[in-house]
Amino acid sequence: MLSGVALAVLSLRDPARAALFERWSGVCLMIGLCMLGVALRGAR
């Protein structure tokens with residue numbers, strides 16, 4: 001999830017490649033949230 005946040009920050013600093021960074025930021029955040037959900041379910 002940290003990589004998603006880092007990419008979101010990069011998108012603010014580099015307007016030329018903002019769309020690319022925002023897309024990958026969303027992908028990283030979604031994967032991170034899915035992995036967190038799986039880990040929480042497995043901890044039960």
Side-chain angles (χ1 to χ4, degrees):
M1 287 186 355
L2 285 175
S3 61
V5 173
L7 285 171
V9 170
L10 283 175
S11 73
L12 293 174
R13 293 186 181 170
D14 190 4
R17 296 187 292 179
L20 176 70
F21 287 144
E22 287 174 0
R23 183 176 322 133
W24 283 107
S25 170
V27 169
C28 289
L29 286 173
M30 290 303 295
I31 290 172
L33 287 173
C34 288
M35 290 173 59
L36 179 63
V38 168
L40 288 174
R41 219 168 243 259
R44 284 187 170 191

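Bear in mind that the values here come from a model prediction, so they are computed numbers and not experimental data. Reckoned from all heavy atoms, side chains included, excluding hydrogens, waters and symmetry mates.
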Give the cluster check for Met35 versus Leu29: same hydrophobic cluster or not, with ILVMFWY residues linked at side-chain heavy-atom distances below 4.5 Å. no
Please check if Val27 and Phe21 belong to a single hydrophobic cluster, counting links between Ile, Leu, Val, Met, Phe, Trp and Tyr side chain heavy atoms closer than 4.5 Å. yes
Taking only distance into account, with no hydrogens and no angle test, what donor-acceptor pairs under 3.5 Å do side-chain atoms of residues 5-20 form with protein atoms, sequence neighbours excluded?
residue : atom : partner : partner atom : Å
Ser11   : OG   : Ala8    : O            : 2.6
Asp14   : OD2  : Arg17   : NE           : 2.9
Asp14   : OD2  : Arg17   : NH2          : 3.2

Would you indicate whether Leu2, at its atom CG, is surrounded by more than 12 heavy atoms from other residues, nucleotides or ligands within a distance under 6.0 Å? no
